[in-house]
There are 2 protein chains.
Amino acid sequence: MTKRADKPITLTDVARRAGTSTAVVSYVINNGPRPVAAATRERVLAAAAELGYRPNRIARALRSRTTGVVGLVLADASNPYFAALARHVEQALERRERLTLIGNAGYSADRQRDLVDRFLAAQVDGLVIVSAEGGDDVTDLAQAAGVPAVYVHHGPSDGRARVVAADNHDAVREAVAHLRGHGHRHVAFLGGPHDEGPVAGRRTAWEAAVAGDPWAALLRCDYSRAAADSLTRRLAAGDALPRALVTATDEQAIGVLSGAWASGVAVPGRLAVISLDGTPESAHTAPALTVTRQPLEAMAEQAVELLSGRDPGVPAARAPLVVRRSCGCDGDQHRPPTPTDRPPP
Amino acid sequence: MTKRADKPITLTDVARRAGTSTAVVSYVINNGPRPVAAATRERVLAAAAELGYRPNRIARALRSRTTGVVGLVLADASNPYFAALARHVEQALERRERLTLIGNAGYSADRQRDLVDRFLAAQVDGLVIVSAEGGDDVTDLAQAAGVPAVYVHHGPSDGRARVVAADNHDAVREAVAHLRGHGHRHVAFLGGPHDEGPVAGRRTAWEAAVAGDPWAALLRCDYSRAAADSLTRRLAAGDALPRALVTATDEQAIGVLSGAWASGVAVPGRLAVISLDGTPESAHTAPALTVTRQPLEAMAEQAVELLSGRDPGVPAARAPLVVRRSCGCDGDQHRPPTPTDRPPP
DNA sequence: AACTGCTATCTAAACGATTAGATGCGATGA
DNA sequence: TCATCGCATCTAATCGTTTAGATAGCAGTT
C-alpha cells in the first residue's frame with residue numbers, strides 16, 4: 001500500500017527486499033526455466049505481494065520478443081456483422097490471456113495497410129484481419145515481419161493466406177427450400193454490388209439452388225441498410241418486388257424491412273425474407289428475421305487457433321436455419337424472445 | 001527489399017550503414033532533441049529507407065516510458081450504443097496517432113478491474129472507460145499507476161474521477177414537448193431497472209417535463225431488446241399500453257417496436273415512440289425511430305482530449321431531436337434514407 | 001598563441017525484464 | 001581424502017531505443 005505513482009516497483013526492488021538476485025525473482029514469477037527452493041520462493045512471493053509488484057510487460061516483451069498482443073483489423077466497425085465478429089475474436093483472445101489492439105480500416109486499402117504497419121511496429125504477436133471485398137492483401141507485410149496473420153470472413157484468394165470463412169452452400173440451399181416450402185415458386189436473391197468475396201459464394205450457391213428457374217431474380221445493392229432500403233422503395237413503387245427474397249446480409253435485410261414498411265408492403269405477407277447472416281439484431285426487427293446464423297464464434301475461435309500455429313483442420317461449422325417470422329412462419333411470435341439472443345445486463 | 005523475417009532491422013544497422021552513431025539516427029528519426037547536419041540527415045534517411053527500417057515501438061516504450069497506446073474498457077460491446085461510442089473513441093485516438101487496446105468487461109466489476117490491471121501492466125498511456133451502472137471504480141488503480149483515466153457515459157459520482165456524459169435535460173424536454181405537439185396528453189417513460197446512472201438523469205428530466213401530470217406512467221425494464229419486447233407484449237395483452245412513450249435507450253425502443261409488431265400494435269398510430277439514444281440503427285427500424293441523438297463523437301473527442309491533460313472545458317454538446325417516423329411525423333418516409341446515416345462500403 | 005563558443009557528433013548509461021554461464025556448496029562414491 | 005555430481009543461486013549480457021555528457025573541430029576574439 002506504500003507504492004507511489006512516481007516510482008513503480010521493479011524486479012530489482014523485489015529482489016532486494018527478498019534478499020535474492022533478480023534472476024530468482026524472475027524464475028519465481030514465471031515458474032521460470034529453472035527451479036527455486038521452496039523457502040526462497042515463499043520469500044520472493046511475500047516480497048512481491050508486500051510491494052505490490054506488477055511485471056512490466058513492455059520490458060518483458062523487449063527481451064522475450066513476444067508481447068501477448070494481437071492486432072485486429074476491421075473493415076468496418078459500424079457494421080454489426082463485423083462488430084459481432086470482432087467481439088468474438090476479442091473474447092477468444094481474452095480466453096488465451098492475450099490483449100487485443102483494434103483498428104478500423106473503413107473499407108480503405110490504404111488505411112488497412114497503414115494499420116497493419118503500425119500494429120507490426122507495436123510488435124504484435126499476430127494479426128486477425130476481418131476484411132471485406134477490396135481489402136488489400138497484407139500477407140507480404142506480415143510475412144516480412146515474421147508475424148502470423150489470419151483473414152476472417154474474406155481474404156485474398158491466391159491461397160497464400162489463411163482464410164477462415166463459413167461455408168454457406170448448405171445454408172443457402174436450406175433457405176431457398178424453406179421459402180419454397182411456403183409455396184413460393186420463385187426465390188429472388190439480393191447480393192452485393194460486386195462479384196468477388198464470400199458473399200459471391202452465397203450468390204453462386206443461390207444460383208445452384210434455383211437452377212432451372214428463369215424467373216428467379218438476382219438483385220444487387222451495397223451492403224448497407226440505406227441502399228437496400230431505397231432499392232426496396234424503388235421496386236415497390238414500380239410494382240417489381242419479388243414475393244420471396246434471400247438477402248446476402250442482415251444489413252440488407254433490415255434495409256428491405258424498413259423500405260417495405262415505408263412503402264406499405266407487408267412482410268411476410270406480400271414479401272417473405274430470409275437473411276444469411278443472423279447477427280443478434282435480426283431477432284428484434286419488425287418482423288423478426290428468419291436467418292441462417294453464421295457461426296461467428298466458431299469462426300473467431302478457429303482464426304485465433306490458427307494464429308497459434310495449430311491448424312484445427314475442422315471445416316467451418318454450418319450455418320443453421322433460425323426460423324422466426326419474416327419467412328412466413330409463426331416464429332417466436334407468441335413466445336417471449338429467447339434470452340440467449342441478447343442477455344440482459 | 002532484402003530484409004529477412006528472421007533478422008529485423010535495428011537502429012544499429014542503420015547507423016552502421018550510414019556511417020554514424022545510433023544517436024544521430026535516433027535524432028533524425030524523431031527530429032530528435034538535437035539537430036543534425038543536413039547532409040548527415042540525408043545519409044541516414046537513405047540508409048533507413050534502403051534497409052526498410054521500422055522503429056521498434058516496444059524498445060522505444062521501455063526507454064521513454066510512453067507507449068502511444070490507450071486502453072478502452074467497454075461495459076458491453078454487444079450493445080450498439082456502447083459499440084458506437086467505442087468506435088468514436090478509437091477514431092479520436094487514431095487521429096492522434098495512438099493505438100487502442102480494447103477489452104470487454106461484460107457488466108462484471110471483477111472483469112473490469114482485471115482488464116484495467118492488464119492494461120496497466122501493458123503500460124498504457126491512458127484509460128477510457130465506457131462503463132454502465134454498477135461498473136467498479138478503478139480510479140484508484142489508475143492513479144496508483146500514474147495513468148490518466150476518463151469515464152464516458154457513466155462514472156463514479158464521488159467527483160474524484162473525470163466523467164464525460166451528455167446533458168439530457170433539454171433533449172428529454174424536447175422529446176416530451178414534441179409528443180405533446182402530436183396531441184398526446186400523457187407521455188410515458190421507459191427507464192432502466194435501477195435508479196442510478198446517467199439514464200436516471202434522463203428519468204428525472206422526464207419527471208420534470210411531465211410534472212403535474214399524474215397519468216404519466218413510469219415503466220421500467222432492462223436495457224435490452226428482449227426485455228422491452230416482452231414488456232411491450234405483456235402491456236399490449238393487458239391493454240395497458242400508453243399512447244406515447246419516451247424510451248431511455250435505442251435498445252429498448254427497438255424492443256418496443258418488435259414487441260408492438262408482434263402484438264399487432266401500430267406504431268406510431270396506436271403508440272408513438274421517441275428514443276433518447278439515436279444510434280445509427282435507429283434510422284432503419286420499421287418504422288424509423290424519432291430520437292434525440294447523443295453527441296457520441298463529441299463525447300469521445302472530449303474524453304480523449306481530457307486524457308491528454310487538456311480540459312476542453314466545453315460543456316457536453318446538446319442532443320438534437322431527429323424527427324423520423326415513430327413519433328407520428330412523416331419523417332423521411334418519402335425521401336430516400338439520408339446517406340450520412342450509414343455510408344455505403 | 002591561447003582562449004571562448006558553437007556545432008555536429010560520439011560514447012555509454014539507462015529502461016526492466018530474461019536467461020545462459022559461472023559459482024558455491026553439501027552430499028555421494030571410490 | 002579428493003574428485004564428482006546436482007542443486008540453488010548469482011553475475012552479467014542482452015533486447016532496441018533514447019538522451020545526457022563528453023569530445024572534436026572550427027571560427028572568431030583577444
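Values reported hereafter were calculated over all heavy atoms of this structure, with side chains retained and with hydrogens, waters and symmetry mates removed. Every chain is numbered from 1, with letters handed out A, B, ... down the list of sequences.
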*Quick one: do the B:Arg65 and A:Asn56 side chains pair a donor with an acceptor below 3.5 Å?*
no

_Quiz question: by atom type and distance under 3.5 Å, do the side chains of A:Ser78 and A:Asp76 form a donor-acceptor pair?_
yes

_Among residues at least two apart in sequence or on other chains, which ones pass side-chain hydrogen bond (donor to acceptor under 3.5 Å, both in side chains) with B:Thr67?_
B:Asp125

*Close residues, residues 115-125 of chain A, relative to DNA chain D [heavy-atom separation under 4.0 Å]*: none

*asked:* To the nearest 0.5 Å, what is the distance between CG on B:Asp117 and CD on B:Gln112?
replied: 11.5 Å

*asked:* Expressed as a whole number of angstroms, how long is the span from B:Glu42:CD to C:dA8:C1'?
replied: 16 Å

*In sequence, state the C-alpha distance, the side-chain angles, and the governing distance for B:Ile102 and B:Leu74, and then conclude on side chain to side chain contact (heavy atoms under 4.5 Å, CB included).*
CA-CA 8 Å; B:Ile102 202 169; B:Leu74 252 44; 4.1 Å; yes

*Sequence-aligned protein contact record of nucleotides 7-17 of chain D, with B where the base is within under 4.0 Å of a protein heavy atom and S where only the sugar-phosphate is*: -SBBBBBBBBB

*asked:* I'd like to know if B:Glu94 and A:Arg118 make a salt bridge, using a cut-off of under 4.0 Å between side-chain N and carboxylate O.
replied: yes

*With sequence neighbours excluded, tell me which residues meet side-chain hydrogen bond (donor to acceptor under 3.5 Å, both in side chains) with A:Arg43.*
none

*Between the first and last five pairs of the helix from C:dA1-D:dT30 to C:dA30-D:dT1, the angle of the axes, rounded to 10 degrees*: 70°

*asked:* Regarding A:Arg95 and A:Glu90, does a basic nitrogen lie under 4.0 Å from an acidic carboxylate oxygen?
replied: no

_Between B:Asp13 and B:Arg16, does any side-chain N to carboxylate O distance fall below 4.0 Å?_
yes

_A side-chain contact here means heavy atoms from C-beta on lying under 4.5 Å apart; do A:Glu297 and A:Arg87 qualify?_
no

Would you list the protein and nucleotides 23-25 of chain C atom pairs, both N or O, that sit under 3.5 Å from each other?
none

*asked:* Quick check for you: to the nearest 0.5 Å, what is the distance between B:Gln294 atom CD and B:Leu85 atom CG?
replied: 9.0 Å

*Heavy-atom check, side chain of A:Tyr151 versus side chain of A:Thr139, under 4.5 Å*: yes

